[in-house]
Trainee: 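One structure follows; several queries about it will come next.
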Amino acid sequence: MENYDHKNIENNWKEKWYKDNIYEAVDFSPKPKKYILAELPYPSGRALHIGHAMRYTVPEVYSRYLRMKGFNVLFPMGWDAFGLPTEGYAIKANKTPQEVIQELGTNYKAAMQDMGYGIDWNREINTSDPKYYKWTQWLFLKFYENGLAEPKEMPVWWCPELGNLADEEVLTAADGGKVSERGGYKVEKKMYKQWVLKMPMYAEKLIQGLDDTDFPDYIKTAQKNWIDKKVGINITYNIENSDETVIVFTTRPDTNFGATFIVLAPESDIISKITSAEQKAAVDEYVEKAKNKSDMERIVETKVKTGVFLGAYAINPLTTYKMPIYVADYVLGSVGTGAVVGVPGHDMRDFEFAQKFNIPVIRVVVGKDGDKSDITTASQVNESDGTMINSAFLDGMDIHDATEKIMDYLEEKGWGKRTVTYKIRDWVFARQRYWGEPIPVVYKENGEIEAIVKTTDVEGVKKKLPLELPYTKDFKPQSDGSSALARMDDWLNTTDSEGKPAKRETQTMPTWAGSNWYFIRYIDPKNDEVFADFEKMKYWLPVDKYYGDPGHTTMHLLYSRFWYKFFYDLGLVPTTEPYKYRMTGGLLLGPDGQKMSKSRGNVVEPGTLIEQFGADTVRMTLCFIGPYEDTYPWNENSVKAVHKFINNIYALKAKVNGKESSLETQKMYNKMIKNVTGMAENLKMNTAVSEFMIFVNALKKEENINIEIWKGFTKVLAPFIPFTAEELWQEANGFTEWKKENSVHLQEWPTYDEKLATENLLKIAVQINGKVKDEVEVSLAESEDSVKTKVLASEKVKAALGENTIKKFIYVPGKIVNIVA
RNA sequence: GCCCGGGUGGUGGAAUGGCAGACACGAAAGACUUAAAAUCUUUUGCCUGCAAAGGCGUGCGGGUUCGACUCCCGCCCUGGGCACCA
């Protein structure tokens, strides 16, 4: 008998499928559409690795299932080619990013075709292609024209040898200092004028819009937490012997009668203005030290509170209390107003700080425990509920009522103003790097910024966009922090709209730029007139299911939603939200249980596995190994097991004939179709494969297999093992010549007979007081009385019951009997 | 520190209020073989027991329920994210 020859089978069908583009997504097809999106990869390694394959295979199987269910499916792919990962790879490979992308794009595409992915390659995109980034630049100019993009001083790591560096390229040395990852040079934080996008202006819309999606709750929560909306009040305090004031934001003004100090973030401008002469040296030293710490390090280190007294006092207008002012790095400049008012009785961090610096603690809230004594230990610090005391006109009120009342009072007196703050900040949208979309603006002689073209000027856009990235082999950044573009004089020097000399912007956009809107371009990837045709967008959008990295739950997802919502407000896109549903995939670890990485040497490449076992084996292994969302190690043994399993399927074809299958087999078949359908619908590909295994184990015991059952089986196998399924399907139908419409992948998903799929007679457990004592066979339609009679007739039940009387008889139809004795 | 996940046999996992461990892997024993590989058969949560049988068991401690891996409260451990990697 023939052996399963994966190489022949796969090469044969792969060629035919892609030549005839059987996975074409048809614009305006009368079939219902499904847009299934998996995040596009950013090429940064020699080849696709098995982790990528995991991310794509399961959604791809799902997209194939939907196609067979009669949907017009868009499952596109492309390359997120700009940005640091590719530039970094180019530096290491000693090539230009252009060469690298050419090479990797080809490799990745070949790898995906080897995997048999059902992709309409006519829609392939590459974010570094001028025809693509023309529109990224055009969209950027929309932000600029509407005042949502502007240059702003923002902190960045700077290295005198390497120029500006990303957080990721900076390490902490043994002495606690900061050094560059490459070369180990000293680096420091400095302010640099960079383009930002004003995302906080969309904070409210980004929160509200979540209601229009079916995102799982954990993703909605993550997005809300990232935006972090807080309702509170800005209180202005006068400073003793000074004209300066300090403004603090607080959500708990109710406790303000207990305020005993103020803490400023080290970044705060007023520090230098109000620090006393005696304290100046100590304060300067502290501020300097805090400068090179990241926000995160500052937060993590707050277990031990540090800080320095400024030698100045603010007056609490409610109590006339003289509150000493400190600088401490646990207060972050980027949060609220960069200053907090310390209420040590009712905030744990404030309490710790007060203990350390011997600041008095005043109790202003009595909690449920009724404790009214002085607060001397951390366990007495009440942060969340209770009744006011020691707070004049607030006394006796619940804290929540008191919060409203005191805010009214502070506003009336002119000491405060109700405010809503968001933690979400301006998004730094520039890199001092070569490999990105050039920002299409120029600096005029007088320093003014001018967009190179108005987005509404159709002819101008055709002429001026894309602003192409000039080619150079010398693409490393400059030591002054600017990108390689700053030394390319021919490109740098240009003219403004009046023909006067001007200089181009030398910063480029971050990788996010292209990936913020790529899902729109797949809809109309070759359009030179607009970024995508509106009618086509109306047909395809929103994306029905978006699968990707859990690390993108906040930033990428939020960023692209922000862009999209802005476009919606401009009337450029047809729906309020880009993605109807989002699901994240887990991480596939190396065989050693560690994250796959080149340095650990545990990277598994699908290429070698495909060579040895075939793509179908790799695909089905990735489906079978575990649930899509979870993280687990790669297991070489699973590949062998699945390969054996596919061999077993293939061998079954020898038993196929026209004879009727046994009733038992018919039942198993219908059950299998029913279960697999439900599982594919819910992306439970691992249990779907189990169903196949159960079915095959049963078929192995049969003498013959009815041809219609066999055809149905090859159809449900098709999304999982497309090559083998095609081979078996073509043979079962006796097709000798390839015809696109005969492909198994364009057939209808099989239906099942509910009667055969449901077992009529069931064995159900009989419990006494929750412990299983016996089993009885019942039919689904049977009445409770009849079941009860059967159960009570059982010898085992009688024995177990003994002398006890039955207090309660519970029968859950088709499930279980429980007797309470 | 804050936020979001996750903890079930030797391993990956199944079961979303109804017989915990489906389906696999691994392991052990056996068959075939000169032998090995491959293949096939059987066993396999833990403990006591020759067996029959019994007891225990889903990170830990409580609770709700006739019934809890599943729901609620409080812990412990662990993975990820925290804004210039994307």
Side-chain angles (χ1 to χ4, degrees), chain A residues 39 41-42 44 80 83-86 88 154-157 164-170 192 194 199 216-219 221-226 228 294-303 330 334 348-349 423-433 510-512 515 548-556 558-559 584 586-587 589 593 595 621 624-627 629-642 644-645 684 686-694 697 763-775 807-812 814-821:
Chain A
E39 285 173 358
Y42 49 96
S44 59
D80 197 7
L84 204 56
T86 307
M154 297 295 270
V156 68
W157 288 110
N164 288 0
L165 297 176
D167 284 355
E168 181 189 61
E169 300 174 289
V170 173
Y192 200 93
Q194 307 186 67
M199 198 155 51
D217 283 342
Y218 74 94
I219 288 179
T221 308
Q223 297 245 318
K224 279 183 199 156
N225 287 343
W226 188 265
D228 197 13
S294 69
D295 280 6
M296 241 254 279
E297 287 170 309
R298 281 163 55 174
I299 296 163
V300 171
E301 285 168 10
T302 54
K303 274 186 176 169
Y330 80 91
S334 55
M348 198 50 79
R349 285 170 312 171
K423 199 157 95 190
I424 192 169
R425 0 190 242 255
D426 286 345
W427 169 22
V428 180
F429 196 74
R431 301 289 183 269
Q432 297 75 51
R433 294 283 187 158
T511 315
W512 308 105
S515 58
D549 188 311
H552 296 165
T553 304
T554 45
M555 299 174 71
H556 163 68
L558 205 57
Y559 291 164
T584 53
L587 205 61
L589 306 170
K595 219 174 189 168
T621 305
F624 183 57
I625 194 168
E629 288 168 279
D630 292 356
T631 293
Y632 32 77
W634 172 253
N635 182 349
E636 188 74 22
N637 285 324
S638 295
V639 193
K640 290 181 191 154
V642 170
K644 194 169 94 181
F645 175 60
K684 305 257 182 224
N686 54 331
T687 52
V689 175
S690 298
E691 291 294 326
F692 295 147
M693 288 174 168
I694 293 168
N697 285 341
K763 276 189 177 156
I764 66 165
V766 178
Q767 297 182 333
I768 295 176
N769 293 333
K771 296 222 178 227
V772 180
K773 295 294 174 188
D774 197 12
E775 271 182 351
K807 282 197 191 131
K808 203 169 175 188
F809 184 89
I810 296 158
Y811 172 58
V812 183
K815 302 266 185 180
I816 206 163
V817 170
N818 193 12
I819 299 170
V820 187

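Convention: sequence-line order gives letters A, B, ...; per-chain numbering from 1.
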Trainee: Applying side chain to side chain contact (heavy atoms under 4.5 Å, CB included), name anything that partners A:Lys808, two or more places apart in sequence or on another chain.
Mentor: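 Side chain to side chain contact (heavy atoms under 4.5 Å, CB included) check on A:Lys808 returns A:Ile810, A:Val820.
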
Trainee: Are the side chains of A:Ile819 and A:Lys773 in contact, using a 4.5 Å heavy-atom criterion?
Mentor: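 Contact flag for A:Lys773/A:Ile819 side chains = no.
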
Trainee: Measure the distance from CE on A:Met693 to C1' on B:C23 and round it to the nearest whole Å.
Mentor: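 Computing the A:Met693:CE to B:C23:C1' distance gives 7 Å.
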
Trainee: Within this structure, what is the CD-to-C1' distance between A:Glu168 and B:A83, rounded to whole angstrom?
Mentor: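 Interatomic distance, CD of A:Glu168 to C1' of B:A83: 14 Å.
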
Trainee: From CZ of A:Arg433 over to C1' of B:A86, roughly how many Å is that when rounded to an integer?
Mentor: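 Taking CZ of A:Arg433 and C1' of B:A86, I get 14 Å after rounding.
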
Trainee: Give a yes or no on whether the backbone of A:Gly83 and the side-chain of A:Tyr42 come within a donor-acceptor separation of less than 3.5 Å.
Mentor: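 Not at all, since once roles are kept as given, no pair shorter than 3.5 Å links the two residues.
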
Trainee: Once you apply a heavy-atom cut-off of 4.0 Å, does A:Lys773 come out as touching a base, just sugar-phosphate, or nothing?
Mentor: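 Answer is nothing: A:Lys773 stays at 4.0 Å or more from every strand.
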
Trainee: Does any N or O in the side chain of A:Gln767 come within less than 3.5 Å of the main-chain N or O of A:Ile816, such that one atom is a donor and the other an acceptor?
Mentor: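 Flag not set: sc A:Gln767 to bb A:Ile816 has no pair under 3.5 Å.
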
Trainee: For A:Gly770, is there any backbone N or O sitting under 3.5 Å from a side-chain donor or acceptor partner on A:Asn818?
Mentor: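 Flag set: sc A:Asn818 to bb A:Gly770 pair under 3.5 Å.
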
Trainee: How does RNA chain B read in dot-bracket, base by base from 5' to 3', with Watson-Crick or G-U pairs under 3.5 Å and | used when the partner is on another strand?
Mentor: (((((((..(((.....[....)))((((((.......))))))((((....))))..(((((..]....))))))))))))....

Trainee: For atom P, what is the distance between B:C25 and B:G79, given to the nearest Å?
Mentor: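 Approximately 30 Å lies between the P atom of B:C25 and that of B:G79.
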
Trainee: Counting just side-chain N and O atoms, does A:Arg298 come under 4.0 Å of either OP1 or OP2 of B:C2?
Mentor: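 It does not, given that no N or O in the side chain of A:Arg298 lies less than 4.0 Å from OP1 or OP2 of B:C2.
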
Trainee: Using whole Å, report how far CG of A:Leu558 lies from C1' of B:C82.
Mentor: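 Those two atoms, CG and C1', are 13 Å apart.
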
Trainee: When the P atoms of B:G57 and B:G21 are considered, how many whole Å apart are they?
Mentor: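 B:G57 and B:G21 have their P atoms separated by 16 Å.
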
Trainee: For B:G49, does the glycosidic angle fall within 90° of 0 (syn) or outside that (anti)?
Mentor: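 With its glycosidic angle more than 90° from zero, B:G49 counts as anti.
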
Trainee: A:Lys815 NZ to B:A15 C1': how many Å, rounded?
Mentor: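 Value for this atom pair: 11 Å.
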
Trainee: Of A:Gln767 and A:Tyr42, whose closest RNA chain B nucleotide lies nearer the 5' terminus?
Mentor: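 Looking at RNA chain B, the more 5' nearest nucleotide goes with A:Gln767.
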
Trainee: Between B:U39 and A:Lys640, is there an OP1 or OP2 to side-chain N/O distance shorter than 4.0 Å?
Mentor: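 No, outside the criterion.
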
Trainee: Measuring only the C1' atom in each nucleotide, how far is B:A14 from B:A22? A whole number of Å is fine.
Mentor: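 Those two atoms are separated by 5 Å.
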
Trainee: Going 5' to 3' along nucleotides 4-13 of chain B, which nucleotides have protein heavy atoms under 4.0 Å from the base (write B), which only from the sugar-phosphate (write S), and which from neither (write -)?
Mentor: SS------BS

Trainee: Assign A:Trp226 to base, sugar-phosphate, or nothing according to its heavy-atom contacts below 4.0 angstrom with the strands shown.
Mentor: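 Base, at least one base heavy atom under 4.0 Å.
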
Trainee: NA contact type, A:Lys224, heavy-atom cut-off 4.0 Å: base, sugar-phosphate, or nothing?
Mentor: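 A:Lys224: no heavy atom of the nucleic acid under 4.0 Å.
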
Trainee: With heavy atoms under 4.0 Å as the rule, sort A:Pro550 into base, sugar-phosphate or nothing.
Mentor: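 Counting heavy atoms under 4.0 Å across all strands, no contact is made by A:Pro550.
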
Trainee: Tell me which nucleotide among B:A86, B:C66, B:C25 gets nearest to the side chain of A:Val820.
Mentor: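 Among B:A86, B:C66, B:C25, the one nearest the side chain of A:Val820 is B:C66.
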
Trainee: Among B:A86, B:G18, B:A83, which nucleotide sits nearest the side chain of A:Ile810?
Mentor: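 The nucleotide sitting nearest to the side chain is B:G18.
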
Trainee: What contact category does A:Asp549 fall into here, base, sugar-phosphate, or nothing, at under 4.0 angstrom with non-hydrogen atoms?
Mentor: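 Touches nothing.
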
Trainee: Are A:Val156 and A:Gln432 side-chain neighbours, meaning at least one heavy-atom pair lies under 4.5 Å?
Mentor: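 Touching, per the 4.5 Å side-chain cut-off.
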
Trainee: Name the nucleic acid region contacted by A:Lys807, choosing base, sugar-phosphate or nothing; use a 4.0 angstrom heavy-atom cut-off, strictly under.
Mentor: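 Contact class for A:Lys807: none.
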
Trainee: 5'-most contact on RNA chain B: A:Ala765 or A:Ile819, nearest heavy atom basis?
Mentor: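 Comparing both residues, the 5'-ward one is A:Ala765.
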
Trainee: Please state the P separation for the pair B:A24 and B:U39 - nearest whole angstrom.
Mentor: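 My reading of the P atoms in B:A24 and B:U39 gives 14 Å.
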
Trainee: Could you tell me whether A:Thr511 contacts a base, only the sugar-phosphate backbone, or nothing, with contacts defined as non-hydrogen atoms closer than 4.0 Å?
Mentor: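 Result for A:Thr511 = sugar-phosphate.
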
Trainee: Can you tell me the distance, in whole Å, between the CH2 atom of A:Trp427 and the P atom of B:A83?
Mentor: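 Rounded to whole Å, this separation is 15 Å.
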
Trainee: What nucleotide among B:A22, B:C19, B:C66 has an atom nearest to a side-chain atom of A:Ile694?
Mentor: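 Of the candidates, B:A22 comes closest.
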
Trainee: Could you measure between the two C1' atoms, the one in B:G12 and the one in B:G26, and give it in whole Å?
Mentor: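 The answer is 11 Å between these two C1' atoms.
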
Trainee: Picking from B:G18, B:C40, B:C23, which would you name as closest to the side chain of A:Lys644?
Mentor: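 Minimum distance to the A:Lys644 side chain belongs to B:C40.
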
Trainee: If you measure from the C1' atom in B:C47 to the same atom in B:A36, how many Å do you get, rounded?
Mentor: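 So the two C1' atoms sit 38 Å from each other.
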
Trainee: Under 4.0 Å, counting only non-hydrogen atoms across every strand here, what does A:Lys423 touch: a base, just sugar-phosphate, or nothing?
Mentor: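 Since a base atom lies under 4.0 Å of A:Lys423, the category is base.
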
Trainee: Just how far is it from atom NZ of A:Lys224 to atom CG of A:Asp217, taken to the nearest 0.5 Å?
Mentor: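 Answer for the NZ-CG pair, A:Lys224 versus A:Asp217, is 8.0 Å.
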
Trainee: Could you check if a side-chain atom of A:Trp226 sits within less than 4.5 angstrom of a side-chain atom of A:Thr553, using non-hydrogen atoms only?
Mentor: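 With C-beta onward as the side chain, the pair stays apart.
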
Trainee: Which word best sums up how the rings of A:Trp427 and A:Trp512 line up, parallel for under 30°, tilted for 30 to 60°, or perpendicular for over 60°?
Mentor: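 Taking A:Trp512 first and then A:Trp427, their aromatic rings stand perpendicular (interplane angle over 60°).
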
Trainee: Categorize A:Glu39 for me: base, sugar-phosphate, or nothing, with a 4.0 angstrom heavy-atom threshold over every strand shown.
Mentor: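 No contact.
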
Trainee: What's A:Asp80 touching, base or sugar-phosphate or nothing? Going by heavy atoms closer than 4.0 Å.
Mentor: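 Counting heavy atoms under 4.0 Å across all strands, the contact made by A:Asp80 is with sugar-phosphate only.
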
Trainee: How far does the P atom of B:U11 sit from the matching atom of B:A35, given to the nearest Å?
Mentor: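 Result for the P pair: 35 Å, nearest Å.
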
Trainee: Would you measure the distance from the C1' atom in B:G67 across to the matching atom in B:A20 and give it in whole Å?
Mentor: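 14 Å, rounded to whole Å.
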
Trainee: Do any N or O atoms from the side chain of A:Tyr559 and from the backbone of A:Met199 form a donor-acceptor pair under 3.5 angstrom?
Mentor: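 Such a contact is absent between A:Tyr559 side chain and A:Met199 backbone.
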
